[in-house]
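This report refers to the structure that appears directly beneath it.
In what follows, chains are A, B, ... by sequence order, proteins preceding strands, each numbered from 1. Hydrogens, waters and symmetry mates play no part in the numbers below; they use all other heavy atoms, side chains included. None of the values given here were measured: they were computed from a predicted structure.
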Number of protein chains: 2
Amino acid sequence: MNIYDVSQKAGVSIATVSRVINGNRSVADSTRRRVEAAIKELGYEPNVFARGLGLNTMQTIGILCNDSSDIYIANAVYYLQHFLSEHHYDSILCCTGNNPDDFRKYTKMILSKRVDAVIYTGSQFILNHPEDHDNNYIVDASKEVPIFLLNGMLEGENIYCVVNDDHLAVHDAAMKLIRHGRRHIVYLYSGTTLSSQNKLSGFTDALNEAGIPNRIAYTHLGPKDIYAAKSYLESLYDQNLPMDAVMASEDTLAVGAVKFAEEHGIRIPEDLEIIGYNNSILAECTEPELTSIDNHVEKVCRTLTDNCLKVLAGEDAPHKVIRTADLISRETTVN
Amino acid sequence: MNIYDVSQKAGVSIATVSRVINGNRSVADSTRRRVEAAIKELGYEPNVFARGLGLNTMQTIGILCNDSSDIYIANAVYYLQHFLSEHHYDSILCCTGNNPDDFRKYTKMILSKRVDAVIYTGSQFILNHPEDHDNNYIVDASKEVPIFLLNGMLEGENIYCVVNDDHLAVHDAAMKLIRHGRRHIVYLYSGTTLSSQNKLSGFTDALNEAGIPNRIAYTHLGPKDIYAAKSYLESLYDQNLPMDAVMASEDTLAVGAVKFAEEHGIRIPEDLEIIGYNNSILAECTEPELTSIDNHVEKVCRTLTDNCLKVLAGEDAPHKVIRTADLISRETTVN
DNA sequence: GCGCGCTCTGTAAGCGCTTTCATTTGTTTC
DNA sequence: GAAACAAATGAAAGCGCTTACAGAGCGCGC
């Protein structure tokens, strides 16, 4: 069944049917109603391919990430897809997996599907790409369709970013620990993203401002390395290095810190305060429950999709939105 | 740039270019090489719409779930997408969110995109659908494209299922608890899926076989209700009902059980054994760490996508694959 | 009454590809 | 060497839609 059948049923030409479908206003009301009735009666659905060929759009948006099974990203993907679908956009999901160097390849793949926009989330690729350190491929892609970055920053005419002020959030959290008298704070560091860089600098800046000697230690872990985080702390402990607080760039790593403390009879939060990041479900699973920084995935995604829909509708949207993250106090910090 | 440009460059007709692209064998080697060179030099990518119009396929598969942010589903979605992309199939993700009654609507939506197959995962919809209790819409959909169910069972010519033997896994785990002398086992029950039904019946069957009087209690919770699970156990506790083990249909609920025990000074596993389900990252976050049933998401997804690719290639595939799940012993059970 | 501009509708030309069918060329076979 | 066949290629007809363009019908002012 195709547009022709509908036109026959309604007694009009296919052009008129097409106009009705596309909301073209130059159709008489009576005709419109007749066509709509025919469409409904026949249960007609336009063929997306033919439609795409004509309009060169398929109401589809590409979502690119490296690991959609990461709790944070999974949430982001869920909200992005959900909000977009409210406006009848479908989402093509594309995960590069453990090989972030594939971002260029996947970008090309997803563009070849003629998506109307691409959303990069996780932004694992924004920094430290040996082969592509200036993210050329994103800039290239932005020549074809608008690009949206979740927690990434890139300047460009057709690039729109929504970021959390990770620097500020970590800075303030560190300050809080410092006000509590903590002087030997370990920062557990994961990722190679802009976001993780910002978190780290928020941390070091706070320590510098407070004039705390550079006794901090930080390490470089994977985002899911609970046990590596724990071992790392143990190695510090074995060296008898003082330690009275731990900040982590991911809740997973903070979980490792909790495990470390429990195993060594270190009291939380009296002897060791711990702060995680993401305020994920993990923060509620430990005992004591984790204090964690919440970057409001849902709202961030809403902002991003709002921008995206605006741009696709031909309206303006801000190229850069910065949102604040909040510290959610639970049991691993004092107060 | 289009197929015509390539044909000009290679000095052949567009038909020949098309044949090269589609791997049609009746092209002379020398011609093929010439065309391939032209394609490469021009960086040509076929237009998917035009291609779709001709072939009526877009190498795209729809993945339908209710909540892709659920840890288990997020993992499944990740693997499904990843495995499919290895074979150049893209994935359109579609989440119904909290309204499982929308499954019909979303199914229609996704079919209108002319996907080559639909994968239902999570299968929250397989049972207890007031309006659609016999899953007609899936059967209907299977008339258009092959349907694949992850942890769902439905008979149909064009329907292919991969399920875990949840019944067996829970049954055996319950037996283990019974062998440990547990007689007052609480089952924390979530979901309305086939899967959750099977888990429950595995549990009750085990108790019946062991001749344990029907002193069990189970409740109906949401899959993320850590605190509801905890409160529920507390209510039993307050009633002085005996309880020496807890089994949960989700790790989240088992986490609630751990919290309950810790808060009331109940020793794990001596006084209370706890078994979760999914063997998710949550199982490693608690202290003590959770014993949990692992249903091998990755392998299950591999099996499903293998079947899917076979069917799409016109080959046969089993309509029903049953896989076994394994108990991963950690610290919340004896041994 | 005529021309003008407006609204509504139809005709037909694409969009970029696949594929049938016909044609050409080369290879056997007797 | 002619007939029969196979292999390689091109011309052209779609696929189902959008849309530029043209035309029909109508009301209006002069």
Side-chain angles (χ1 to χ4, degrees), chain A residues 1-39 42-60 88 90 111-116 144-145 312 314, chain B residues 1-39 42-60 88 90 111-116 144-145 312 314:
Chain A
M1 193 224 323
N2 57 27
I3 200 172
Y4 181 76
D5 301 319
V6 177
S7 73
Q8 289 291 299
K9 179 129 206 144
V12 296
S13 75
I14 60 166
T16 302
V17 176
S18 176
R19 289 193 186 95
V20 171
I21 292 169
N22 292 290
N24 187 314
R25 45 216 266 68
S26 76
V27 177
D29 274 356
S30 59
T31 315
R32 177 183 306 279
R33 275 194 296 276
R34 211 142 30 92
V35 172
E36 280 167 350
I39 289 176
L42 266 55
Y44 166 72
E45 295 259 3
N47 179 306
V48 284
F49 298 137
R51 200 131 197 269
L53 239 199
L55 296 173
N56 205 37
T57 161
M58 207 173 78
Q59 296 277 108
T60 300
H88 308 289
D90 277 342
L111 282 179
S112 80
K113 290 279 169 161
R114 299 289 199 281
V115 291
D116 299 328
E144 301 196 36
V145 293
L312 290 175
Chain B
M1 193 225 323
N2 57 28
I3 200 171
Y4 182 76
D5 300 320
V6 177
S7 72
Q8 289 290 298
K9 178 130 206 145
V12 297
S13 73
I14 62 166
T16 302
V17 177
S18 175
R19 289 194 186 96
V20 171
I21 292 169
N22 292 291
N24 188 314
R25 44 216 267 71
S26 77
V27 177
D29 274 356
S30 60
T31 315
R32 177 182 306 280
R33 274 193 298 274
R34 213 143 28 91
V35 172
E36 279 167 351
I39 288 176
L42 267 53
Y44 167 73
E45 294 260 4
N47 179 307
V48 283
F49 298 137
R51 200 132 196 268
L53 240 198
L55 297 172
N56 205 35
T57 160
M58 208 175 76
Q59 295 277 111
T60 301
H88 307 289
D90 277 341
L111 284 178
S112 79
K113 291 278 170 165
R114 298 290 200 278
V115 292
D116 299 327
E144 301 196 34
V145 293
L312 290 176

Could you tell me how far apart B/R32 (CZ) and D/dA7 (P) are, to the nearest whole angstrom?
14 Å
Distance from A/R34 atom CZ to A/D29 atom CG, nearest 0.5 Å?
12.0 Å
Taking for each residue the nucleotide of DNA chain D bearing the nearest heavy atom, is the 5' side occupied by B/V12 or by B/L53?
B/V12
Only pairs under 3.5 Å count here: list side-chain donor-acceptor contacts from residues 18-25 of chain A, not counting sequence neighbours, and write none if there are none.
| from | atom 1 | to | atom 2 | distance (Å) |
| --- | --- | --- | --- | --- |
| A/S18 | OG | A/N22 | ND2 | 3.4 |
| A/N22 | OD1 | A/R51 | NH2 | 2.7 |
| A/N22 | ND2 | A/S18 | O | 2.9 |
| A/N24 | OD1 | A/S26 | N | 2.9 |
| A/N24 | OD1 | A/S26 | OG | 3.3 |

Atom pair CG (B/L42) and OH (B/Y44), whose distance is rounded to the nearest 0.5 Å:
10.0 Å
Outermost nucleotides of DNA chain C that come under 4.0 Å of a non-hydrogen atom of chain A:
C/dC8 to C/dG16
So which of residues 1-9 of chain B are in contact with DNA chain C, with a heavy-atom cut-off of under 4.0 Å?
B/N2, B/I3
To the nearest angstrom, the CZ-P distance between B/R33 and D/dT9 comes to 12 Å
Taking all atoms of both residues into account, what is the closest heavy-atom pair of A/Q59 and A/D116, and its distance?
N-OD2, 2.9 Å
Nearest heavy-atom pair of B/V145 and B/V115: which atoms, and what distance?
CG1-O, 3.3 Å
Counting C-beta onward and ignoring hydrogens, is there a side-chain heavy-atom pair between B/K113 and A/T60 closer than 4.5 Å?
yes
More 5' along DNA chain D: A/I21 or B/S26, using each one's nearest nucleotide?
B/S26
What is the separation between atom CG on A/N24 and atom P on D/dC17, rounded to the nearest whole Å?
17 Å
Separation of B/R25 atom CZ from D/dA8 atom P, in whole Å?
9 Å
Kindly give the heavy-atom pair with the smallest separation between B/E45 and A/S112, and that separation in Å.
OE1-CB, 3.4 Å
How long is the straight-line distance from CZ of A/R114 back to CG of A/N56, given to the nearest 0.5 Å?
6.0 Å
Rounding to 10 degrees, work out the angle separating the end axes of the helix from C/dG1-D/dC30 to C/dC30-D/dG1 (five pairs an end).
50°
Nucleotide N/O of nucleotides 19-27 of chain D paired with protein N/O under 3.5 Å:
| from | atom 1 | to | atom 2 | distance (Å) |
| --- | --- | --- | --- | --- |
| D/dA20 | N6 | A/R19 | NH2 | 3.4 |

Check residues 3-10 of chain A and write down every donor-acceptor pair under 3.5 Å in which the side-chain atom is one partner and the other belongs to a residue at least two apart or another chain.
| from | atom 1 | to | atom 2 | distance (Å) |
| --- | --- | --- | --- | --- |
| A/Y4 | OH | A/Q8 | NE2 | 3.3 |
| A/D5 | OD2 | A/N2 | N | 2.9 |
| A/S7 | OG | A/Y4 | O | 2.6 |
| A/K9 | NZ | A/E41 | OE2 | 3.2 |

